[in-house]
2 protein chains.
Amino acid sequence: MTDILEALNWRYATKKFDPNKKIEAETWSKIEEIMRLSPSSFGLQPWKFVVVTDPKTKEELLPLSWDQPQITDCSHLVVMCRRTDVDETLINHYIESVAKTRNQELSELNHYKEMILGFADRLSEEAIDQWASKQVYIALGQTIAACSLLQIDTCPMEGFSPEGYDKILGLQEKNLASVLLLPCGYRSDEDPYAKASKVRFKKEEVILEGQQVD
Amino acid sequence: MTDILEALNWRYATKKFDPNKKIEAETWSKIEEIMRLSPSSFGLQPWKFVVVTDPKTKEELLPLSWDQPQITDCSHLVVMCRRTDVDETLINHYIESVAKTRNQELSELNHYKEMILGFADRLSEEAIDQWASKQVYIALGQTIAACSLLQIDTCPMEGFSPEGYDKILGLQEKNLASVLLLPCGYRSDEDPYAKASKVRFKKEEVILEGQQVD
């Protein structure tokens, strides 16, 4: 599909995936790249994307996700995580990555680094966690939209036990905390929601013209 | 542009827009539709998108946005807002919109409605605000990715005074709170960042295989 509006109208939160249809490696590699390219505040990328395809692991995760069948039926289950180590080490690593990619001296990036450090210093630990979580939501939005162009079905999910997921997947030890799930795959012919009309408020309800008020 | 990866590599957080290039009405209408189609938890769409094009209003907003020139130079400035009225009235309105769109009886949707009401009841007011803000980040992600396909430049911004914006635009009276800015337009030839290499961590740093750990 090449028209973005057509693609966005085609997509829906897939309730039933076809368990027999798997995303092939070449397409999956594109989706990983789409996730990797997601924008984030300062470009800091405070996230990792954990991809689960192993049937046994999916079975373990099922009861931690309200037994929603997308978990086991999907082709690739992405557990979108925030990093729990948004600290000076990560910021230094990022600045080094900028310098290397753009052939810059580290000293040229000092001002930028101080700005990010200052931002992180001003926030409480909880506020940093919330900030990092929000960045993961950007990645979710980009990935869903881009998948629709590749005609890959997705189902964004907030309803699961992050603590349970973190435990089963050993995420804490990796300095990660699960934020969102994105099962990816192909819709089943039996999913009645695939044919249901998309529900959105009218344009005039959600798009407003902004003018200064007195 | 039709290739999503090409488009995502083309995009960058535009630091300098060409103030003389405006997005034409037909394209802008598509972007509004892209925002409107954004996915959200329960499909509840707890957002509105306030579009500022008036030069005088943009000038007023500039000092509330660290004087970043994107505010005044962009073609359309979108102030992405969360609704502050995520309550039973909104949930009822949404359920009515589902029933109308899908030709269903309201009674068929009772279970779904109770589920959303129960979710909202369990959250503190602050947690609802955070939840609604996160939905706005999904819309941001979708809109940035989709704009890149239309070759429309954007610059997602968290750095501004939400209170100041809310006041200038009279958002509180509309039951809205500003969360994010998305200036949209066309990059200036003079923006050095337009030619800078994109900085992202390596794939193996951000994509992990998830397996149950013992």
Side-chain angles (χ1 to χ4, degrees), chain A residues 2 4-5 8-9 13 30 32-39 41 43 45 47-52 54 56-57 60 79 97-98 101-102 130 133-135 137-146 149-150 156 158 168-170 174 196-201 203 206-213, chain B residues 2 4-5 8-9 13 30 32-39 41 43 45 47-52 54 56-57 60 79 97-98 101-102 130 133-135 137-146 149-150 156 158 168-170 174 196-201 203 206-213:
Chain A
T2 56
I4 180 66
L5 283 176
L8 293 177
N9 275 298
K30 277 187 195 175
E32 288 185 344
E33 187 64 3
I34 285 161
M35 292 193 282
R36 193 181 76 92
L37 289 172
S38 299
S41 187
Q45 313 154 67
W47 52 46
K48 297 199 183 192
F49 308 105
V50 177
V51 182
V52 182
D54 171 46
K56 203 163 153 286
T57 305
E60 292 284 331
V79 183
S97 146
V98 177
T101 306
R102 297 188 170 162
Q130 286 285 359
S133 291
K134 286 170 180 165
Q135 309 307 311
Y137 277 74
I138 301 178
L140 181 82
Q142 160 145 324
T143 307
I144 294 175
L149 278 158
L150 303 176
E158 285 179 329
I168 296 251
L169 298 171
K174 297 187 173 102
S197 304
K198 189 177 284 299
V199 179
R200 288 295 185 276
F201 295 136
K203 195 176 261 199
V206 291
I207 311 278
L208 309 182
E209 193 183 341
Q211 291 273 6
Q212 187 181 1
V213 294
Chain B
T2 56
I4 180 66
L5 283 177
L8 293 178
N9 276 299
K30 277 187 195 175
E32 288 185 343
E33 186 64 3
I34 285 161
M35 292 193 281
R36 193 182 75 94
L37 290 172
S38 299
S41 187
Q45 313 153 68
W47 52 46
K48 297 199 183 191
F49 307 106
V50 178
V51 182
V52 182
D54 171 47
K56 202 165 153 285
T57 306
E60 293 284 330
V79 183
S97 147
V98 177
T101 307
R102 296 186 171 163
Q130 286 285 358
S133 291
K134 286 170 180 166
Q135 308 308 310
Y137 277 75
I138 302 178
L140 181 81
Q142 160 146 323
T143 307
I144 293 174
L149 278 158
L150 302 176
E158 285 179 329
I168 296 250
L169 298 171
K174 297 187 172 101
S197 303
K198 189 178 283 300
V199 179
R200 287 295 184 276
F201 295 136
K203 196 178 260 196
V206 291
I207 311 278
L208 309 182
E209 194 183 342
Q211 290 275 2
Q212 187 182 2
V213 293

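Naming convention: chains lettered A, B, ... in sequence-line order (proteins, then strands); numbering from 1 in each chain. Both backbone and side-chain heavy atoms feed into the values below; hydrogens, waters and symmetry mates do not.
Heavy-atom distances place both the backbone and the side chain of B:Ile168 under 4.5 Å from chain A. In this structure, chain B has a heavy atom under 4.5 Å from the side chain of A:Ile144, while its backbone stays farther away. There is no contact between B:Val79 and chain A, counting heavy-atom distances below 4.5 Å. In this structure, no portion of B:Thr143 lies under 4.5 Å from any heavy atom of chain A. The part of B:Arg102 that comes within reach of chain A is its side chain, from C-beta onward, which places non-hydrogen atoms under 4.5 angstrom from that chain. Only the side chain of B:Glu60 comes within contact range of chain A, with at least one heavy atom under 4.5 Å from a heavy atom of that chain.
In this structure B:Gln135 satisfies the side chain to side chain donor-acceptor pair (under 3.5 Å) test together with A:Glu158, sequence neighbours excluded. Shown here are the ring-ring contact (aromatic ring centres under 6.0 Å, His included) partners of A:Phe49, two or more places apart in sequence or in another chain: A:Trp47.
Most heavy-atom pairs under 4.5 Å with chain A, from the set B:Lys48, B:Arg36, B:Glu209, B:Glu33: that is B:Arg36. Considering only heavy-atom pairs separated by less than 4.5 Å from chain A, the leading option among B:Ala13, B:Ser41, B:Pro39 is B:Pro39. Of all the listed residues (A:Leu5, A:Asn9, A:Val52, A:Leu37), the one sharing the greatest number of non-hydrogen pairs under 4.5 Å with chain B is A:Leu37. If you tally non-hydrogen atom pairs under 4.5 Å between each of A:Lys198, A:Gln45, A:Lys56, A:Lys30 and chain B, the highest count goes to A:Gln45. For the set B:Ile34, B:Ile138, B:Val98, the count of heavy-atom pairs under 4.5 angstrom toward chain A peaks at B:Ile138. Between chain A and the residues B:Lys174, B:Met35, B:Gln130, the largest count of heavy-atom pairs under 4.5 Å involves B:Gln130.
For the pair B:Leu208/A:Leu169, no side-chain contact is recorded, criterion being any heavy-atom separation below 4.5 Å from C-beta on.
Within the 3.5 Å criterion, the main-chain N or O of A:Gln212 finds a donor-acceptor partner in the side chain of B:Thr57. No side-chain donor-acceptor contact under 3.5 Å links A:Glu32 to the backbone of B:Ile207.
Closest of all the heavy-atom pairs between B:Gln142 and A:Ala145 is OE1-CB, 3.9 Å. The two residues A:Val50 and B:Gly210 come nearest to each other via the heavy atoms CG1-CA, 3.4 Å.
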